[in-house]
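Structure record follows, encoded as structure tokens.
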Amino acid sequence: MSKTIGSTRAILIAFGMLKQEMGSVRVMLGYLLGMTFLAMGTNDFLRYAMGIRESVNICENFIVTANQGMACRFWILGYLLVIGDAPFVKGNTYMILYRSGRQSWNMGMLFYVFMQALLYITCLAAISVVVSVPFGFSGEFWSSPVYILSTVSSNAIAEKYHIFFDGAAMMKFMTVPQAFGITFLYMLCYFVFLGVLLYLCNLAFGGFWGLAAVAVVHLGGVILSSVGSLRQSPVYYVDDIGGIWKYPCMMLVFILVMAAASVFAIKKVDLHAR
């Protein structure tokens with residue numbers, strides 16, 4: 001019973017923080033930054049579709065741009081700006097701590113990190129679909145432009161329009177809605193992972209340590225992805241034996257470990273000193 005009450009309090013705290021933060025200039029700028037990077041990838045993809053005068057599936061814009069690595073490399077910057085105030089100690093934090101306790105507050109902040117990641121990615125995904133409506137169709141089937149892009153992405157198309165899509169396996173084993181969903185899931189896992197890392201390091205150590213840890217991990221991931229050691233896009237994991245779930249499961253383990261570490265960290269930190 002007490003665990004249920006604690007979870008309810010944590011959710012209410014998270015929604016309260018979301019309501020408070022969404023009016024922040026920093027948060028709005030973070031969303032605008034993400035939309036700016038989205039516009040860059042969208043422009044290349046739709047320009048390519050118009051160039052060959054073929055319709056595209058309205059969900060393919062999100063799939064193609066995200067799987068080029070732009071999502072994990074640049075879209076994440078807007079999200080980090082959104083949650084850059086971690087561990088979110090506000091003027092009313094001490095009253096919340098008094099009423100709900102440290103553990104409920106900590107769980108609420110973790111919920112808030114997840115909620116912002118979900119809302120941020122949902123916003124970008126929805127915009128990518130909406131702007132594609134005049135150029136395409138809906139449904140389960142892949143379009144000719146994306147098929148061409150996946151099979152001859154190394155030729156003049158990629159050079160002219162600055163896009164590529166190594167999604168031949170994804171197109172073979174998945175419909176467009178399935179590919180859209182798994183791409184969304186990969187992004188969500190990575191964004192939550194970095195968000196929880198930022199929160200935990202700022203909570204435990206304060207100062208710039210959270211940002212430093214995120215920068216090291218993110219840049220390290222970019223380097224590993226570029227050399228093929230650790231891909232962050234689902235197109236590289238698709239097969240007929242369930243390999244697509246390897247990356248989300250790995251991210252989930254890291255997130256749970258850091259969430260557990262925050263339970264111990266919240267007991268020792270002096271939030272009043274921040």
Side-chain angles (χ1 to χ4, degrees), residues 3 6-15 17-18 21 27 30 34 66-67 69 71-73 75-88 102-125 181-206 209-225 229-234 236-237 242-269:
K3 291 183 178 180
S7 298
T8 302
R9 287 177 177 173
I11 293 173
L12 292 175
I13 291 171
F15 274 104
M17 178 62 67
L18 182 65
E21 284 285 273
V27 172
N67 281 292
C72 289
R73 294 178 186 178
W75 296 2
I76 189 68
L77 299 179
Y79 172 65
L80 292 176
L81 182 59
V82 168
I83 62 167
D85 198 31
F88 317 111
R102 285 176 171 249
Q103 294 300 343
S104 292
W105 180 83
N106 177 62
M107 189 180 298
M109 296 304 99
L110 292 173
F111 277 142
Y112 170 70
V113 168
F114 171 79
M115 289 166 58
Q116 276 290 15
L118 180 62
L119 185 61
Y120 180 83
I121 299 171
T122 299
C123 180
L124 297 184
I182 201 67
T183 301
F184 187 99
L185 177 62
Y186 268 56
M187 289 181 58
L188 180 63
C189 287
Y190 185 63
F191 279 40
V192 173
F193 164 69
L194 286 188
V196 174
L197 176 63
L198 177 67
Y199 168 75
L200 174 61
C201 291
N202 280 353
L203 177 69
F205 308 110
W209 291 108
L211 185 59
V214 167
V216 170
V217 171
H218 180 59
L219 293 176
V222 171
I223 294 172
L224 290 176
S225 179
S229 299
L230 178 63
R231 299 288 190 175
Q232 296 171 327
S233 299
Y236 300 106
Y237 295 91
I244 194 73
W245 301 108
K246 176 181 177 181
Y247 183 85
C249 289
M250 179 178 64
M251 289 290 103
L252 180 60
V253 170
F254 289 149
I255 291 168
L256 291 177
V257 169
M258 290 189 294
S262 72
V263 172
F264 294 98
I266 193 64
K267 297 178 181 179
K268 299 181 179 181
V269 297

Heavy-atom pair with the smallest gap, counting every atom of I255 and C189: CD1-O, 3.8 Å
Expected output: side-chain Y120 to main-chain W75 donor-acceptor under 3.5 Å: yes
Student check: side-chain heavy atoms of F111 and F15 closer than 4.5 Å: no
Approximate separation, where rounding is to 0.5 Å, of L198 CG and I83 CD1: 5.0 Å
L18 side, atom CG; L119 side, atom CG - distance, nearest 0.5 Å: 6.5 Å
Which atom of A14 lies closest to which atom of G108, heavy atoms considered: CB-O, 3.3 Å
From Y247 atom OH to Y186 atom OH, the distance as rounded to the nearest 0.5 Å: 8.0 Å
Value rounded to 0.5 Å, distance of CD1 in I13 from CE in M107: 9.5 Å
Aromatic ring pairing Y190/H218, orientation class (parallel under 30°, perpendicular over 60°, tilted between): tilted
Minimum heavy-atom distance I244-P234, with the two atoms named: CD1-O, 3.4 Å
Stepwise side chain to side chain contact (heavy atoms under 4.5 Å, CB included) test for V217 and F193: CA-CA 10 Å; V217 171; F193 164 69; 3.7 Å; yes
Main-chain N/O of V27 paired with E21 side-chain donor or acceptor, under 3.5 Å: no
Step-by-step side chain to side chain contact (heavy atoms under 4.5 Å, CB included) determination, L197 to F254: CA-CA 9 Å; L197 176 63; F254 289 149; over 6 Å; no
Evaluation steps, side chain to side chain contact (heavy atoms under 4.5 Å, CB included), between T122 and F184: CA-CA 8 Å; T122 299; F184 187 99; 3.4 Å; yes
Side-chain heavy-atom pair N106, Y199 within 4.5 angstrom cut-off: yes
Nearest heavy atoms of G30 and V82, plus distance in Å: CA-CG2, 3.9 Å
Flag, side chain of N202 to backbone of P87, donor-acceptor distance under 3.5 Å: no
Separation of W209 CH2 from L203 CG (nearest 0.5 Å): 16.0 Å
Donor-acceptor under 3.5 Å (R102 side chain, I266 main chain): yes
Step-by-step side chain to side chain contact (heavy atoms under 4.5 Å, CB included) determination, L185 to W245: CA-CA 10 Å; L185 177 62; W245 301 108; 3.5 Å; yes
Which atom of T183 lies closest to which atom of A66, heavy atoms considered: CG2-CB, 3.5 Å
F114 side chain reached by L110 side chain, heavy atoms, under 4.5 Å: no
CG-CG distance between L80 and L211, expressed to the nearest 0.5 angstrom: 7.5 Å
Least distance between heavy atoms, A204 atom then A265 atom: CB-CB, 4.4 Å
